[in-house]
Structures are given as C-alpha cells and as structure tokens.
Amino acid sequence: MRYYIIAGEASGDLHASNLMRYLRQLDPAASFRCWGGDRMKAQGGELVKHYRELAFMGFTEVLMNLRTILQNIRYCKNDILEHRPDALILVDYPGFNMRIAEFARANGIRVFYYISPQVWAWKQSRVHKIKRTVDRMFVILPFEKDFYRNFGYEVDFVGHPLLDAIEEKEKASFRDFTREHGLSGKPIVALLPGSRRQEIAVMLPVMAALSRKFPDHQFVIAGAPSQPMEFYEGFIRGSGIAVLHDKTYDLLRQASAALVTSGTATLETALFEVPEVVCYKGGAISFLIAKQLVKVKYISLVNLIMDREVVKELVQHDFTEHRLEQELRKLLDPENRDRMKKDLRELKLKLGNAGASARTAELIHNRLIQP
C-alpha cells in the first residue's frame, strides 16, 4: 500500500513514526510519503516538508504567515494528486489537515485521522465536516468517543500513544544520567518551554529566572529538536542552566518537578508522574479571541481528562515569576507532591493500556484490505 501521512508538529512526528513502524509490520511492501520530521524519515518515509516549516501558533501568527500556509496547502494538494496514495493518514494538526481531508475525499482517496482535532474545545461544528470527509477517526482521549457519538459519528478509542512512547526505554539511574550529561547531583527541575520559537521566547525567560531562587536544585531545559543551541543560549547565558536536546523523556524520568508550556507536553510530564505547573502566555489579541471561542474549563489535558484541577494552570497575566515561584515551592513540598503523584497515577489508568499505535495500524490495515 502507498500511504501519505501528514504530521505538523514534533509530537505528531513521534506518534506517526510509531504508526508507520506497525503498518510496515502488517504491510511489508508499504511505502510512505510524509510531511513530518526526522522520526518519520527514520521509519523510511520520503519527507516532503519538515514540520519546522509548518509550525505557526496563535491567531495573529497564523494571519502573519497566511500566504505561506496557503502555499503549503496548494503544494500538498498537488503532491497528493501526483502520487495518488491508497490512503491518506492525518495526525492532529487540524488547521492544515482538515482542509487536506476535504480535498482528498473529493478526489476519491480514503482518509484516516489519528489523534482527533480538539473539536470538543472549540468549533464543535467542525464535527459535521469530519463526518463528511474522514472515513475513520481514531481518538486517544477517553471522553472523545462519547463526544463524537453525541453527533452520530462512531470513532475508535485506541488509547493514548504516549503510553507506548514512555515504555520504550528503561530508566537510567540518576547518577548515570547526570554523569552522562555533565549535570550535578542536585534534584532536577525540568523546563519545557515549548517547541516553537515564538512560545519559547515568551515562556523561557520567566521559567529560567527561577533558577537563582532555588539553589538546591538544578534547572534543565528540554531542548526542542527543531531549535539550535544558540537560540537557547540567548535566554540563559550565565545562568548555569543546562539544555538537553531531544532528551525530553529521559529528562522527565529523572525530574523532581517541571514547569511546562501548555500543550501535549503537559500530558507527557503527567504520565511520568512528575509534579508540574502548566504555563501559557500568548499574544494579547490571540488570547482574547481564544477566550471567546474555547468551551472548556481548563487548558491542560491533565485537568480536562480528570475533570478537576490536578495541576495548577498559570495563564496569561497569572504567568509571572512571582506566581511561578509560589507554585514551584508547593510542588517541592513532600505532602503536595504525594497528593499530585497519586492523582497522576489515576490519570494513567483513565487513558487505558499501551498499544495505541499498533491498534490503530491494525484498524487502518484491515479497512484497506476489505473488499
């Protein structure tokens, strides 16, 4: 089978690469043409565009780069028609992928969507478009199946692929980890400021400022694969903060606490049972628009899945050095830590068992070979 797969972010690259691995086990003759990243390329994908060229965040940023986005959409449509895949597999990245889904369906190409757009948070009307354009949706959050059923659309809950990713490697000892990366023996506070330049530039200076107030801990940044070391050095020069590129999961396995920019990383951190503070600050116009449109109580997946505040969210004007320091001190208090870790273990149970990528690959393959 010929597969065309589109993932527009680092997390999508990870999950799509695992899906490709299992598809190849079921279909040894499989070929993959991809929009994604290095992990998808390592699985044998022919990379059309890297997600570094695709990532724009916030309403104003999207508007500023609208010409580039529209050019990418046109290029993708033409590329799909030229290669005529047996199946188009879309991984999250809704602003782009929803347009491509509609186009592919109109041209007789089967469309599968892995990791649902967060239509339950805003623009719920997009469910009707999904019903028209997507042959099958594979969801990774337990409440999404009921959400879609309320619209008369049956989807498959496959479990969360992060459970696969975090089980792939054994945990190194703290001593071996710190020695390998030239770190001290102090407990680690992990900083996850995001993967896009715009968000890192906003989030990291505030997060990094706390390092001088916690001398008994070492602060370590989870560097995004798409950003060079020189970019981080402009924010942390002289602070003693280390940067580990492409080692996020290894870092979280060793961290005592984490400061995390809102997004998939909040759930990743939770699944490692690391107490965390969730942070977000966007452009003023983008935030005001989002505030009017978003229909959920929380911004973090942790709190949404648990349907209560498990992790503290510092959003927009609440995201200050002072508030962040207060919340980090709470995370390092043993009683508060134990309470949060208990909640995070409950969260893992709600997400089901590992094997999401394998289950999704099997469901897609079975549908494609059916007469």
Side-chain angles (χ1 to χ4, degrees), residues 9-11 55 57 166 174 177-178 180-282 299-302 311-316 318-332 337 340 344:
E9 297 177 314
S11 60
M57 62 174 291
I166 67 176
F174 184 81
F177 175 79
T178 53
E180 178 185 355
H181 297 291
L183 304 175
S184 76
K186 296 178 181 179
I188 292 172
V189 175
L191 305 183
L192 282 72
S195 59
R196 304 180 182 94
R197 285 195 168 224
Q198 300 104 309
E199 61 187 351
I200 294 171
V202 172
M203 310 304 294
L204 184 55
V206 180
M207 292 178 174
L210 267 63
S211 64
R212 64 180 183 270
K213 298 185 178 183
F214 293 84
D216 295 332
H217 290 75
Q218 59 182 323
F219 284 57
V220 183
I221 297 170
S226 57
Q227 305 300 339
M229 181 66 77
E230 293 76 17
F231 178 66
Y232 291 99
E233 288 175 347
F235 300 105
I236 62 172
R237 191 171 288 112
S239 67
I241 297 175
V243 182
L244 298 184
H245 267 90
D246 205 18
K247 297 289 181 182
T248 300
Y249 288 1
D250 293 335
L251 175 60
L252 288 174
R253 285 185 175 91
Q254 308 295 341
S256 297
L259 309 178
V260 188
T261 295
S262 177
T264 304
T266 63
L267 186 57
E268 292 175 312
T269 303
L271 293 178
F272 283 99
E273 299 180 20
V274 179
E276 63 179 304
V277 182
V278 175
C279 312
Y280 174 80
K281 187 170 186 178
I299 65 167
S300 71
L301 286 171
V302 177
V311 297
K312 188 66 178 179
E313 300 178 352
L314 297 181
V315 181
Q316 210 66 3
D318 287 333
F319 177 63
T320 64
E321 185 179 333
H322 175 66
R323 287 295 309 279
L324 197 56
E325 178 188 355
Q326 287 181 318
E327 296 304 324
L328 180 54
R329 293 196 183 281
K330 292 178 185 177
L331 292 189
L332 298 175
R337 285 175 55 78
M340 185 178 290
L344 297 181

Taking atom CE of M229 and atom CG of L244, what is their separation to the nearest 0.5 Å?
8.0 Å
Return yes if some donor-acceptor pair links the side-chain N/O of E199 with the main-chain N/O of G194 below 3.5 Å, else return no.
no
Quick one: side chains of residues 264-272, donor-acceptor pairs under 3.5 Å with protein atoms, not counting sequence neighbours, listed by atom name and distance.
from, atom 1, to, atom 2, distance (Å)
T266, OG1, G263, O, 2.8
E268, OE2, Y249, OH, 2.5
T269, OG1, A265, O, 2.8

Any sub-3.5 Å donor-acceptor pair from E321's side-chain atoms to L210's backbone N or O?
no
Exam field: side chain R253 to backbone I166, donor-acceptor pair closer than 3.5 Å
yes
Quick one: side-chain contact (heavy atoms from CB on, under 4.5 Å) partners of R323, sequence neighbours excluded?
K312, L314, D318, T320, Q326, E327
Residue list, salt bridge (Lys or Arg N to Asp or Glu O under 4.0 Å) with E313, at least two apart or on another chain
none
Kindly indicate whether the side chain of L252, heavy atoms from C-beta on, has any atom under 4.5 Å from the side chain of L192.
yes
Tell me every residue that passes ring-ring contact (aromatic ring centres under 6.0 Å, His included) with Y232, counting only those two or more places apart in sequence or in another chain.
H245
Within residues 189-220 or reaching into it, pairs that qualify as ring-ring contact (aromatic ring centres under 6.0 Å, His included) - sequence neighbours excluded:
none
Can you list every salt bridge (Lys or Arg N to Asp or Glu O under 4.0 Å) pair that touches residues 216-228, not counting sequence neighbours?
none
Among residues at least two apart in sequence or on other chains, which ones pass ring-ring contact (aromatic ring centres under 6.0 Å, His included) with F174?
none
Check salt bridge (Lys or Arg N to Asp or Glu O under 4.0 Å) between R197 and all other residues, then give those that pass, not counting sequence neighbours.
none
What residues, two or more places apart in sequence or in another chain, satisfy salt bridge (Lys or Arg N to Asp or Glu O under 4.0 Å) together with E180?
none
Looking at side-chain heavy atoms only, is the closest gap between V302 and V278 below 4.5 Å?
no
Residue pairs fulfilling ring-ring contact (aromatic ring centres under 6.0 Å, His included) with at least one residue in residues 180-201, sequence neighbours excluded
F177-H181
Residues two or more places apart in sequence or in another chain: which of them pass side-chain contact (heavy atoms from CB on, under 4.5 Å) with A201?
F235
Considering non-hydrogen atoms only, spot the tightest contact between P275 and R337 and give its length.
CG-NH1, 3.6 Å
Going by the salt bridge (Lys or Arg N to Asp or Glu O under 4.0 Å) test, which pairs reach into residues 221-244, not counting sequence neighbours?
none
